[in-house]
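One structure below.
Indexing begins at 1, ligand by ligand and atom by atom, following the structure's order.
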Amino acid sequence: MRRLPVIAGALALLLSACAHKADSSRPSTTLGMTLGAKIHVATTISTLNSFVQGVGGEYVSVKNIVPIGASPETFAPAPQDVATVADADVLVENGAGLETWLDRLLRDAGRPNLRVVVCAQGLPVKNLNPHLWMDPVFAKQYVAKIRDALIAADPAHSDAYRRNAASYDRRLDDLIAHIRQQIATVPPSHRYMIVFHNAWQYYNDRFGITTLGFVERNPGQEPNPQQIAQLIDLAKQHHVHGVFSEPEYSPKILYAIAQGAGIAVVEDLYDDSVGTDPRVRNYIEMLTYDTNVIVHALK
Ligand SMILES: [Zn+2]
C-alpha cells in the first residue's frame with residue numbers, strides 16, 4: 001500500500017514532463033503565467049515552508065522570509081524580502097498576530113492583491129498566542145488551506161496538489177500517533193514544562209503536558225526578579241525536570257531559574273524555525289526530534 005503513492009508520483013512526474021513540452025509553445029495562461037513554469041510561493045516562517053514543499057512538490061518554487069534560526073517575533077524585513085514578495089504568486093503566513101511586519105512588507109512590495117493564505121485563520125487562538133502550527137492536528141488545517149490556495153493559483157496541477165496534500169496529511173496522522181505514544185511513556189506526574197517563550201501551548205494542550213510558566217512574556221521582555229522567583233517556586237512545587245529553550249534565544253536567564261530550582265536547562269528545542277541540523281530540517285523531523293528531547297528530559 002505504501003508504495004502506491006510513489007509509483008503514482010513518478011507517473012505524474014513523467015506525464016507532467018510531457019505536458020511541459022507540449023505547453024512550451026503556448027505563451028501564457030489566463031493567469032498570466034507560462035504553463036509549465038513553477039508558481040512562486042513565499043512563506044513567512046520556515047515551518048510553513050515545509051507544508052508548501054509537501055503540497056506543492058515539483059510545481060512550486062518556495063522562498064522563505066524569516067531566516068532559519070531567527071525569531072519571527074522580532075524580525076525586520078530586508079530589501080531582498082521586498083523582492084521575494086514582489087515576485088510571489090502566493091504568500092503563506094501564519095497570522096494570529098505573528099507577522100506584525102507583514103502589512104508593511106506587502107505595501108513596500110506593491111502587491112496589494114497578492115493571494116495570501118492565513119494558515120491560522122478560523123483556528124481557536126488562545127491568549128493571543130500565534131504558535132498554532134506546533135499542534136500537528138492544526139497543521140492538518142494549514143496543509144488544507146495551502147492545498148486550496150495552490151489549486152486556485154495553479155488549477156492545471158490540482159490533482160497533484162490534492163494527492164500531495166492527502167499524502168502529507170497521512171504523514172501528519174502518523175506523527176500525531178507517534179507523539180501520543182511517546183508522551184504516554186512519561187509518568188503523568190512528570191508532564192510539566194517551563195519554557196522560554198510560549199511556543200508550546202498548543203502542543204502541550206494537545207498531548208497532555210502542562211505549561212507551568214514561560215520566561216519571556218512579550219518578545220524581547222525579560223522577567224523581573226519577582227517573576228523569576230515565582231518560576232523557581234513553581235518548578236520546585238511541581239518537581240519540574242527542566243526549563244526548555246530554543247537555540248535562537250539567549251538562555252542566560254534560564255540558567256538562573258534552573259540553578260534556583262536545581263533542575264536542568266534543555267536549550268535545543270525547535271518551534272518557530274526548523275534548523276540546519278539534519279535531524280530538524282522540516283516540520284515532521286522537527287516535531288519528532290522535539291518530542292524525543294522532551295520525553296527524555298521529563299522522564
Ligand atoms: Zn515564537
* To do: Dump the intermediate steps for salt bridge (Lys or Arg N to Asp or Glu O under 4.0 Å) on Arg281 and Asp277, then the final yes or no.
  => CA-CA 6 Å; Arg281 280 168 313 186; Asp277 183 310; over 6 Å; no
* **Cation over ring face, Arg206 and Phe138, 6.0 Å, 45°** => yes
* To do: Taking both backbone and side-chain atoms into account, decide whether Glu73 has an N/O/S atom under 2.8 Å from the Zn ion (ligand 1).
  => yes
* Restricting to N, O or S atoms of Asp272, which is nearest to the Zn ion (ligand 1)? -> OD2
* Asked: Is the distance between the ring centroids of Trp101 and Phe75 under 6.0 Å?
  -> yes
* Calculate the angle formed at the Zn ion (ligand 1) by NE2 in His197 and NE2 in His131; 10° precision is enough. => 100°
* Asked: Crowded around Gln226 CD? As in, over 12 foreign heavy atoms under 6.0 Å?
  -> no
